[in-house]
> 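Mind having a look at this structure? Questions to follow.
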Amino acid sequence: MKPEILIVEDDLIIGQAIARDLEAHGYTAAVICESGEDALQVVEKNLPDLVLMDIKLQGKLDGIQVTERILKKYRVPIIYLTDMQDSITLSKAKQSKPANYLIKPFQTHQLLIAVDLAIFNGASTVTGERFGFFKEGAELIKIIYEDILYLKAEGSYCDVVTAQKTFTLTTPMNKILQRIPYPDLIRVSRSYSVNKNHVERIMGKLITIRGVKITVGETYGDVIRENFNVI
């Protein structure tokens with residue numbers, strides 16, 4: 001599933017140009033809003049994965065006010081787009097804790113780098129982070145944490161195994177675990193981490209998930225007692 005990006009931009013021509021750049025690089029431009037009021041309605045109906053927010057908007061609300069209202073209710077990465085460089089505006093923008101901000105005019109590659117980092121480092125949610133976007137080659141893949149069966153380390157690579165597909169990421173397993181705010185994903189050896197909700201059987205040091213037997217490492221001897229309710 002492609003990440004969905006909401007563009008909030010008072011200049012429709014600029015908004016459409018940004019949408020074309022994003023879609024050419026594998027993203028989905030969910031919608032373009034010219035006013036803050038419209039943006040709030042869109043976010044309420046369909047929470048995007050990222051918001052690109054112009055500070056100067058049509059309507060009664062500016063981009064900073066809209067951002068503050070969104071972040072009171074949702075956890076969604078927001079990148080400011082602005083041609084306003086005065087210290088007061090930039091100070092107010094920073095206080096709303098955006099994922100990043102870009103000064104217009106910016107180049108396409110600057111936009112894509114900011115978008116890539118914001119999506120990788122943040123996940124949109126109302127009550128807690130349930131998914132994240134992980135890099136597989138040149139593509140960002142959306143993975144719902146509870147769908148992960150287990151992780152398997154292969155040197156500097158890591159296989160993220162779900163019921164539907166295996167994703168091979170160019171990121172070591174320890175860094176992936178640091179980025180996933182999902183406490184039920186537990187490390188059981190140097191090579192494996194398992195989602196305890198998908199464990200079907202435990203026999204000694206062998207854990208079985210979907211028929212795959214995973215051995216608990218010697219230095220992880222307490223992991224079963226600490227993480228599983230043995231009755």
> List for me each residue that meets salt bridge (Lys or Arg N to Asp or Glu O under 4.0 Å) alongside Arg201, sequence neighbours excluded, and say none if there are none.
none

> For residues Tyr80 and Ser96, report the shortest heavy-atom separation together with the two atoms involved.
OH-OG, 2.6 Å

> Ignoring hydrogens, what is the shortest heavy-atom contact between Phe133 and Pro3? Give both atom names and the distance.
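In this case the closest contact between Phe133 and Pro3 is CE2-CG, 3.4 Å.
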
> For Lys104, is the NZ atom crowded, meaning more than 12 foreign heavy atoms sit under 6.0 Å from it?
yes

> Looking at CG of Leu81 and CD1 of Ile14, how far apart are the two atoms once the value is rounded to the nearest 0.5 Å?
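Spacing of CG (Leu81) from CD1 (Ile14) equals 9.5 Å.
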
> Can you tell me if CZ on Phe228 sees more than 12 non-hydrogen neighbours from other groups inside 6.0 Å?
yes

> What I'd like to find out is whether the side chain of Leu50 reaches to under 4.5 Å of the side chain of Pro77, using heavy atoms alone.
yes

> Using the rule that two of Ile, Leu, Val, Met, Phe, Trp, Tyr join whenever any of their side-chain heavy atoms come within less than 4.5 Å, decide whether Ile202 and Tyr150 are in one cluster.
yes

> Any chance you could measure Asp11, atom CG, to Asp54, atom CG, to the nearest 0.5 Å?
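Reported to 0.5 Å precision, the distance equals 8.5 Å.
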
> Would you say the side chain of Ile5 lies within less than 4.5 Å of the side chain of Ile79, judging by non-hydrogen atoms?
no

> Got a sec, which residues hit side chain to side chain contact (heavy atoms under 4.5 Å, CB included) with Asp184, two or more places apart in sequence or on another chain?
Tyr182, Asn195, Lys196, Asn197

> Check step by step if side chain to side chain contact (heavy atoms under 4.5 Å, CB included) holds for Val76 and Val43.
CA-CA 10 Å; Val76 53; Val43 170; 5.7 Å; no

> Specify the closest pair of heavy atoms between Cys158 and Met173, including all atoms of both residues, with the distance to one decimal.
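For Cys158 versus Met173, the nearest heavy atoms are SG-CB, 3.9 Å.
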
> Do any N or O atoms from the side chain of Gln95 and from the backbone of Lys92 form a donor-acceptor pair under 3.5 angstrom?
no

> Treating Ile, Leu, Val, Met, Phe, Trp and Tyr as nodes and any side-chain heavy-atom pair under 4.5 angstrom as an edge, say whether Tyr157 and Leu169 lie in one connected cluster.
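No, no single cluster joins them.
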
> Given side chains that start at C-beta, do those of Asp83 and Lys56 come closer than 4.5 Å, heavy atoms only?
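Side chain of Asp83 against side chain of Lys56, heavy atoms only: contact under 4.5 Å found.
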
> Kindly compute the distance separating CD1 (Ile18) from CZ (Phe106), expressed to the nearest 0.5 Å.
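Atom-to-atom, Ile18:CD1 and Phe106:CZ are 4.0 Å apart.
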
> I'd like to know whether Leu185 forms a side chain to side chain contact (heavy atoms under 4.5 Å, CB included) with Leu151, so could you lay out the CA-CA distance, the side-chain angles of the two residues, the decisive distance to 0.1 Å, and finally the verdict.
CA-CA 9 Å; Leu185 193 60; Leu151 307 181; 3.9 Å; yes

> Where is the tightest heavy-atom contact between Ile148 and Thr162, given as atom of each residue plus distance?
CA-CG2, 4.2 Å

> Which heavy-atom pair separates Ile224 from Gly204 by the least distance, and what is that distance?
CD1-O, 3.6 Å

> Nearest 0.5 angstrom please: Lys97 NZ to Glu68 CD, how far?
11.5 Å

> Would you please test Asp159 and Thr168 for side chain to side chain contact (heavy atoms under 4.5 Å, CB included) and show each step?
CA-CA 4 Å; Asp159 288 339; Thr168 299; 2.8 Å; yes

> Please tell me if the side chains of Lys94 and Tyr101 come closer than 4.5 Å, counting only heavy atoms from C-beta onward.
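Lys94 reaches Tyr101 side chain to side chain.
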
> Side-chain polar contacts of residues 108-116 - donor-acceptor pairs under 3.5 angstrom, sequence neighbours left out - could you list them?
residue	atom	partner	partner atom	Å
Thr108	OG1	Asp21	OD2	3.2
Gln110	OE1	Gln107	N	2.7
Asp116	OD2	Lys135	NZ	3.1

> Just how far is it from atom CD1 of Ile64 to atom CG of Leu57, taken to the nearest 0.5 Å?
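Going from CD1 on Ile64 over to CG on Leu57, the span is 10.0 Å.
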
> Indicate if Leu149 and Leu206 have the same hydrophobic cluster label, given that clusters are the connected sets of ILVMFWY residues with side-chain heavy-atom separations under 4.5 angstrom.
no

> Assess whether side chain to side chain contact (heavy atoms under 4.5 Å, CB included) is satisfied between Tyr192 and Thr215, documenting all intermediate values.
CA-CA 8 Å; Tyr192 284 92; Thr215 302; over 6 Å; no

> How far apart are the closest heavy atoms of Arg210 and Ala163, and which atoms are they?
NH1-CB, 3.5 Å

> Could you measure the distance from the CG atom of Leu61 to the OG1 atom of Thr67? Nearest 0.5 Å is fine.
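The distance works out to 10.5 Å.
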
> Below 4.5 Å, heavy atoms only, C-beta onward: do Ile186 and Val194 meet side chain to side chain?
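A side-chain contact exists here, since the closest heavy-atom pair is under 4.5 Å.
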
> Is a donor on one side and an acceptor on the other found under 3.5 Å between the side chain of Arg187 and the backbone of Arg190?
yes

> Can you name the salt bridge (Lys or Arg N to Asp or Glu O under 4.0 Å) partners of Glu44, sequence neighbours left out?
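By the salt bridge (Lys or Arg N to Asp or Glu O under 4.0 Å) rule, Glu44 matches Lys73.
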
> In chain order, what residues pass the salt bridge (Lys or Arg N to Asp or Glu O under 4.0 Å) check against Glu218, with sequence neighbours excluded?
Lys205

> Using a 3.5 Å cut-off and no angle test, enumerate the donor-acceptor pairs between side-chain atoms of residues 28-42 and protein atoms at least two apart in sequence or in another chain.
residue	atom	partner	partner atom	Å
Glu34	OE1	Gln58	NE2	3.3
Ser35	OG	Asp38	N	3.2
Ser35	OG	Asp38	OD2	3.3
Glu37	OE2	Lys60	N	3.1

